[in-house]
Amino acid sequence: MMSEEDIGRITPQKAMVLLRKDGIDIDVEQAKIILDFLYEIAEIVVDTYLDQQKKVYLPTHE
């Protein structure tokens, strides 16, 4: 699995700036929680997509 440095994670400070542009004011701890949640969701989505692709492209033995 890739480390956080390998994937170039968004910093909590950067998340705060991005969210502030949309009128959402959060602190560093809240930004960390939000980012952790989003990365978990992204990992689930990617894993699900890749699992579905394996099922589509694997030859069936009938």
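Computation of the quantities below employed the complete heavy-atom set of this structure, encompassing side-chain atoms and omitting hydrogens, waters and symmetry-equivalent molecules.
- Cluster annotation: I41 and L19 are assigned to the same hydrophobic cluster (Ile/Leu/Val/Met/Phe/Trp/Tyr, side-chain heavy-atom contacts under 4.5 Å, transitive).
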*Check against side chain to side chain contact (heavy atoms under 4.5 Å, CB included), Q52 and D47*: CA-CA 9 Å; Q52 290 173 349; D47 288 345; over 6 Å; no
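- When the side chains of ILVMFWY residues are joined at heavy-atom separations under 4.5 Å, either directly or via intervening members, I34 and V45 end up in a single hydrophobic cluster.
- In terms of the salt bridge (charged side-chain N to carboxylate O under 4.0 Å, His left out) criterion, residue partners of K32 (sequence neighbours excluded) are, by chain and number, E29.
- Across A31 and P12, no two heavy atoms sit closer than the pair CB-O, 3.6 Å.
- Under the 4.5 Å side-chain heavy-atom criterion for ILVMFWY residues, a single connected hydrophobic cluster contains both M16 and L38.
- In the hydrophobic clustering of this structure, V28 groups with I26; members are Ile, Leu, Val, Met, Phe, Trp, Tyr whose side-chain heavy atoms approach within less than 4.5 Å, directly or through other members.
- Pairing each heavy atom of D25 with each of R20, the nearest pair is OD1-NE, 3.5 Å.
- Within the 3.5 Å criterion, the main-chain N or O of D27 finds a donor-acceptor partner in the side chain of Q30.
- Within a 6.0 Å sphere centred on CD1 of I24, heavy atoms belonging to other residues, nucleotides or ligands number more than 12.
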